[in-house]
Every structure is written in structure tokens, then in C-alpha cells.
Peer 1: 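Have a look at this one.
Below, chain A is the first sequence line, B the second, and so on; all start at residue 1. Keep in mind that what you see is a predicted model, and the values were worked out from it rather than measured.
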There are 2 protein chains.
Amino acid sequence: MITIKEMAQMLDISTTTVSNVIHGKTGEVSSATIEKVRRLIEEYDYVPNINARNLARNESGIIGLAMKTNRDKYENFIKDPFAGELTGAVESCVRAKGYFIMLYISDDISEIINSVASWNVDGLILFGIAKEDGILLKKRVKKPMVFVDCYIEDSIFEYVNVGIEDRKGCYEITKHLISKGHKKIAYLADNCEGGDYERFKGFKDAITEAGISYDEEDFIMLRPNGADLSLLLADVHRRVKSYTAFVCASDYYAVHIINYLKDHGVSIPEDISIVGFDDNEYSRMVRPALTTVHQDISQKGGIAVEKLFQMIHEEDYGENYTRLPVYVVERDSVKEV
Amino acid sequence: MITIKEMAQMLDISTTTVSNVIHGKTGEVSSATIEKVRRLIEEYDYVPNINARNLARNESGIIGLAMKTNRDKYENFIKDPFAGELTGAVESCVRAKGYFIMLYISDDISEIINSVASWNVDGLILFGIAKEDGILLKKRVKKPMVFVDCYIEDSIFEYVNVGIEDRKGCYEITKHLISKGHKKIAYLADNCEGGDYERFKGFKDAITEAGISYDEEDFIMLRPNGADLSLLLADVHRRVKSYTAFVCASDYYAVHIINYLKDHGVSIPEDISIVGFDDNEYSRMVRPALTTVHQDISQKGGIAVEKLFQMIHEEDYGENYTRLPVYVVERDSVKEV
DNA sequence: ATGAAAGCGCTAACAA
DNA sequence: TTGTTAGCGCTTTCAT
């Protein structure tokens, strides 16, 4: 790899001049020199050493994409289609800005924090961050960052977040069920925090509004403490007769449940209606195709990147919170009762 | 961020000494000094500036993960569950080695090449690379690299590759079909290159061995030149009556075809048997669950990283080619005829 | 056991 | 229009 200095020597000019033509500051360079330099660059395939540049400029051109994982939940995080799509969307937007993505996937937030400092990343996009980690992050890293799908009470600290209307979405789809005559509805999720909690609230909003009573039993907790999924599915199966509809906190579970139930002789939506949340590929692939609420993950990633760069450039980035709209998409997993 | 120099000044010692204790070269440092330095590091949360380190060492600690995409095929590459899983596997192995992943997703190989040079990456894992790009890569980048699932005739140049037994896998599953009495079998794919071509050869091996004649018509080309998938699916539907089984080059298509056909009143496997290749999540999610050939993507990524580091450390990395084994997994999409 | 100093490749303020 | 030079933070060789 040829360097600026070498080129300067070869042409018997200064590094500044070379640097200037490299950066298109050609206002102050004679066209003869420009030409000479350009030729050399071409001939020797000059590419700048980014480390040196970053060191000198005290920037990095790197955007960190950090995902906090859950060791007992994922063996391979990006396998999750959600994470994959988000990664892809973020990558392409960041690349379009001439920056690079460094991927941090870890269940140890301080590992992420150290890497970020070490690499002097210019900005950070965070996904899957819970309260304590958010606090730590906020305290230890002084770079622009935007959270995705984060639900930390904003009383604790200010942060910019891009998420979706989790609560409203779940409210809408539950209302949809109710409008089809359903009155005995259960909510199924694997936790009761963050977005899933919001969705749960939306569920309750809808049934409360419809005058349907809610009992703790109607929250079916999936996979508490890593118990075997098929055991839980068996339990779900047992409870089919108590309800006319299930609202699942995610398509992932909805699809698993549909398949399990079908395999065990229950007809959907005849015996029970099922709806999901996310509108991912799976929801289109199951049969009956899943009625669910749609969210646009690529848009989410795009907006997160947009905001991050506004922060980096110290422009106005608008509200701290942005909640992207969602909507119900009707397919075939709900019947009128 | 505190620097080595600052710490040295505060303690009134030299940067060399500080650097030495940072790197555990404590053989030549008095334990009093060690203690002092350690405390400072602790207190001020010292983290090394990686740019500076890399510049000095002429290394980067970065492994590039480059994926060549196909503009008209993908809007978002990582959305593809295969790419996502591979990314996740590679990331975690690379992290375990104390290196970082920089993601390059682009349809322009020279963009990738320049970035690689600029960042002075220590090694490269390449996915989705075709012949011309492989040649360019080989010529322009002088760093260790390993290809994943690459099929360039090795006569052109030497490269290390980790892939799977595409041909054998497709041979096995076709044989499986034949063993179930099938004689009229079509092969469906969206191209006839690289791995898909190998799979096709495996298909032909099996039918030839069984004395079944092959006609060009039996290769059903999906999505040639980006034509609309549903049109093609309609065509596939029309041809159901000519065959008793379809072997699809990937689960992706197999699942789409199953759903399309089911939606149009054909029963699977009663009216036609269908098999896929890859054993991804989709194959477990469709009904009937797909009989397919299993490959282990995480293992593939892990081995690619292993080999890459052997090359980086100039150790023996064994064969240039490694072909990971695959096997048929029987589910419910095939019936005996 | 400790330190001085050169250098990695590039940038940018300043001088000429 | 072009050149000089002092860093950026760290590593490393060679003295002491």
C-alpha cells in the first residue's frame, strides 16, 4: 500500500499538496499537479489508511451497532429474523452515509462499552437494552446514541428512542377480535417487560373498553425461566377450550402455537382464533396465514440511523421519542363467532 | 478518555513502563509501580485507543465480513435467514478471538476491496462471491481470506473455501424420493450456478443412476430475470400433474411452492411430494413439515473463522476445500407412490 | 527496573 | 500555489 508521503516524494512535492488533491481541495492546487497526483493515485491504487486518518482527526467513521443478547434465550442472535432485518437496514443506511458498521453482539454490556470507547465510535445504535444497562451506557459513553424499541421510564434519564406503537397495535388487534364477536380472549407472551408489557396494556385497554373482565389466568406466560417450549405448548393446548381467541405477543409464538395445535387436531380458526404481532415472514408462511399487526422494521432502522446522524451533526433531531405507526393486517387466522 | 502519556505524567514515570504493565510485561517492572499504574487505570477507566495501537502495530484487529448482494434479488440482505445465521455465527467466533467484525454488504466488489485496504483488516470472510469478483479479490487483496459456499473452478486460482456437500445432499434426497417410488421428478431452482448447479448435478446423478430419463423440461427455472414470483408459481401449479415429486434447490422456494399449491387446492403430499434443501426454520414451520436436507450453518461459520485464524497465524490450515456433511431429514412432505 | 525517542500515516494550522 | 511541522496515542528498540 502506497502512502501519501511516498507519493509526495516521488513527485517531489509536499504531503499537504497530495492530501489536498485527495480531498478535492483543488482550489489551491495547479491543475498540472492535480493531474500528476491523480495519475499516481490511480496507478498505485492508493487508499488512505483509515487508522491514521482517524487518529489525526479524532473521529472513527464507525457506527457501532450493539445488541444485547440473552444467553439463555439465543444461541445465535441474528438468527432472529427481527435482528437480521434490523441489522440489514441499519447497515445499508450507514453505508450510504459513508460510515462503517461495527457489530457488537454480547450479553455483557461493559464489553460493549469498552469496545465503543476503544474504537472511538462516532455513534451508537442500541437494541435490546434493559434499564440497568441503559443507565450504565448513558453514564459511561458520551457519544450520540439512539435506542431501538427501548422502554425505560424516561424519568430516569433522557434518551432518544425509536419504537413502534406497541400498545396501540395490540389494542387495535384485540379490538378487531372483539368486533368479530370474541369475548373470551387470552394474552400469551414470554415476559411482561418493555414492549411486550406495552402490548399487554393495549390488550387490556381493549377488553376493558369492551366491558370484558380480565383475570390473571388470562395471561398465559410462555417459557418462564427457559422451561421447555413443548411443555408449555401442551398447556396452551389444554386451555384452548376456555377461550375463543388467543392474542400472542409476537408472530414467533403465534406461528409455533398454530402449528402445535394443528398437529394436535385443533382447527384454526374454527376451534380458536389466533393473532400475532410483527407481521414477519413467518406470519405469511403459516396456514392459516396469520392475522397480525404490521410493523416496518426497515423503516425503524432507517429512522434510527437518520436521527443518529442528526445528533452527530448536532442538528435538531426532533422528539426524543418516535413511535412508528402500525396497523392490523387481516389474514385467515380469525373467524367470526 | 485518559491516555498512556497522561498517566505516565501523573505518576512521573515513562510511557514505556505504563505500556508494559498494560500488556502484562511485568517481568521487568517493580511491583510498586505495577500497583500504582493499575490503580490509575482502574480509577480513570483507561481504554486503549485502538486506532493508535493499530497504526503503530500495523494491524487492525478487524475481520471483514463481506457479502456480495444482488441488487434485484434482495432489498435487505440479512433478512435472508441464511445470511443472518451465518453473520451471527461468524460474529460470535470472531469476538471470542478478541477481534471485531466489520460488516461489508454491497453489490459492488471494488467498494468492498477498498474498504478492506483502508481499514487494513487482518482477514476476510466472503460470502456470495462469483467468479469475476473472486478473481478481482484474489488479485487486489493480499490478506488471508476464506470463502463460504463458493464454487469457482479451482483451476483459475487457489482459494480456501468452506462449503457443504451440495451435490451429495441433493443426490441423497432425490434417491430418497426414488426409494419411495417416485419416477417423475422435476428440479426447481432460480439459477444454475455455484451451489445450485452442484445440487442440480446431484439430482441428475440420482435419477440417472435409477435409470430415469431426464429432459430439459424437468428443470423448472424460477424467477428468471426477476419476473414476478406468483406468475412462476402459477406455472409450477400447472405442471403438478406431470410429476409426482418436486425437488427444490432451497427450502425457501419449497415453502413458497407448498403454500401456493395448498392455497390453490392441491394436497401435499397426496397430489405431489415436495422436498427442499437447507433445513431452515421455514421448513419446520410449513405444514406439511418439509422433508429436506440439513446443513449446519453455524458450524460452517465457525469453521470458516477457525481456518481464517489459522491462516492469519500462518499455521497449517489443512485442505483448501472443506465440505461439511449434510443429511436428509424426513418430515411429512413426501408420500410413497 | 526504567526511560528516551523514533515512527506508524495522516491532518491541519501556519508559513512562505 | 506549495511546503513545514507538530501532533494524534501507542509500540518498540535501544540505552541507561
Side-chain angles (χ1 to χ4, degrees), chain A residues 1-38 40-41 44-62 98 100 114-122, chain B residues 1-38 40-41 44-62 98 100 114-122:
Chain A
M1 268 186 53
I2 198 170
T3 68
I4 287 190
K5 202 203 226 172
E6 287 165 349
M7 295 197 291
Q9 280 167 350
M10 293 168 78
L11 297 174
D12 212 33
I13 60 178
S14 79
T15 60
T16 309
T17 306
V18 177
S19 173
N20 277 140
V21 0
I22 287 170
H23 292 92
K25 296 185 198 294
T26 51
E28 321 204 313
V29 185
S30 76
S31 47
T33 318
I34 294 178
E35 198 40 43
K36 282 192 296 184
V37 175
R38 291 244 168 93
L40 257 204
I41 289 180
Y44 287 88
D45 275 332
Y46 168 79
V47 280
N49 178 320
I50 296 201
N51 273 313
R53 172 180 294 178
N54 293 342
L55 185 58
R57 284 197 189 155
N58 190 32
E59 300 177 346
S60 67
I62 297 178
F100 294 88
N114 283 339
S115 304
V116 164
S118 247
W119 282 100
N120 190 24
V121 305
D122 294 333
Chain B
M1 269 188 51
I2 198 170
T3 67
I4 286 190
K5 201 204 226 170
E6 287 165 349
M7 295 196 292
Q9 280 167 351
M10 293 168 78
L11 296 174
D12 211 34
I13 59 178
S14 78
T15 60
T16 311
T17 305
V18 177
S19 173
N20 277 141
V21 0
I22 287 170
H23 292 91
K25 297 186 198 293
T26 51
E28 320 204 314
V29 184
S30 76
S31 46
T33 316
I34 294 179
E35 198 40 43
K36 284 193 295 184
V37 175
R38 291 243 168 93
L40 257 203
I41 290 180
Y44 286 88
D45 274 335
Y46 168 79
V47 280
N49 178 320
I50 297 201
N51 273 312
R53 172 180 293 179
N54 293 342
L55 184 59
R57 283 197 191 155
N58 191 31
E59 301 177 346
S60 66
I62 297 177
F100 295 88
N114 283 339
S115 305
V116 163
S118 250
W119 282 101
N120 190 22
V121 306
D122 295 333

Peer 1: Distance check needed: dT1(D) P versus E35(A) CD, whole Å only.
Peer 2: 16 Å

Peer 1: Just the rounded figure in Å: distance from C1' of dG7(D) to NZ of K5(A).
Peer 2: 14 Å

Peer 1: Base, sugar-phosphate, or nothing for N120(A), non-hydrogen atoms under 4.0 angstrom?
Peer 2: nothing

Peer 1: Go through dG9(D), dC10(C), dT5(D) for me and flag the one nearest to the T15(A) side chain.
Peer 2: dT5(D)

Peer 1: With no angle test and no hydrogens, is the base of dT4(D) tied to the side chain of T16(A) by a donor-acceptor pair under 3.5 Å?
Peer 2: yes

Peer 1: Under 3.5 Å, is there a donor-acceptor pair between the T33(B) and S30(B) side chains?
Peer 2: yes

Peer 1: Round to the nearest Å and state the distance from N51(B) atom CG to dT11(D) atom P.
Peer 2: 12 Å

Peer 1: Applying a 4.0 Å non-hydrogen cut-off, can you work out what N58(A) is touching in the nucleic acid: base, sugar-phosphate, or nothing?
Peer 2: nothing

Peer 1: Categorize S19(B) for me: base, sugar-phosphate, or nothing, with a 4.0 angstrom heavy-atom threshold over every strand shown.
Peer 2: base

Peer 1: S115(A) and S118(A): side-chain donor and acceptor closer than 3.5 Å?
Peer 2: no

Peer 1: How many whole angstroms separate atom CG of N20(A) from atom P of dT1(D)?
Peer 2: 11 Å

Peer 1: Using whole Å, what does the distance between atom P of nucleotide dG9(C) and atom CG of N49(B) come to?
Peer 2: 17 Å

Peer 1: Report the residue (D12(B) or L55(B)) whose heavy-atom-nearest nucleotide on DNA chain C is the more 5′ of the two.
Peer 2: D12(B)

Peer 1: Does a side-chain heavy-atom distance below 4.5 Å link Y44(B) with M7(B)?
Peer 2: no

Peer 1: Does OP1 or OP2 of dT2(D) have a side-chain N or O of S30(A) closer than 4.0 Å?
Peer 2: yes

Peer 1: Among the nucleotides dC10(C), dG9(D), dG3(C), which one has an atom lying closest to any side-chain atom of T17(B)?
Peer 2: dG3(C)

Peer 1: Please enumerate all residues that pass salt bridge (charged side-chain N to carboxylate O under 4.0 Å, His left out) together with E35(B), with sequence neighbours excluded.
Peer 2: R39(B)

Peer 1: Mark yes or no for whether D122(B), through its side chain, and S60(B), through its backbone, hold a donor-acceptor pair below 3.5 Å.
Peer 2: yes

Peer 1: To the side chain of S14(B), which of dT5(D), dT2(C), dT1(D) is closest?
Peer 2: dT2(C)

Peer 1: Does either side chain, that of N58(B) or that of N120(B), offer a donor lying less than 3.5 Å from an acceptor on the other one?
Peer 2: yes

Peer 1: Could you state the atom-to-atom distance from CZ of R57(A) to P of dC10(C) in whole Å?
Peer 2: 11 Å

Peer 1: Among the nucleotides dC10(C), dT11(D), dG9(D), which one has an atom lying closest to any side-chain atom of H23(B)?
Peer 2: dT11(D)

Peer 1: State whether Y46(B) places a side-chain N or O below 4.0 Å from either non-bridging phosphate oxygen (OP1 or OP2) of dG9(D).
Peer 2: no

Peer 1: Using atom CD1 of I34(B) as one end and atom C1' of dT2(C) as the other, report the distance to the nearest whole Å.
Peer 2: 13 Å

Peer 1: Is the phosphate of dC8(D), meaning OP1 or OP2, less than 4.0 Å from a side-chain N or O of T3(B)?
Peer 2: no

Peer 1: Would you kindly give the NZ-to-C1' distance between K25(B) and dG3(C), to the nearest whole Å?
Peer 2: 16 Å

Peer 1: Tell me which nucleotide among dT2(C), dG9(D), dT11(D) gets nearest to the side chain of I4(B).
Peer 2: dT11(D)

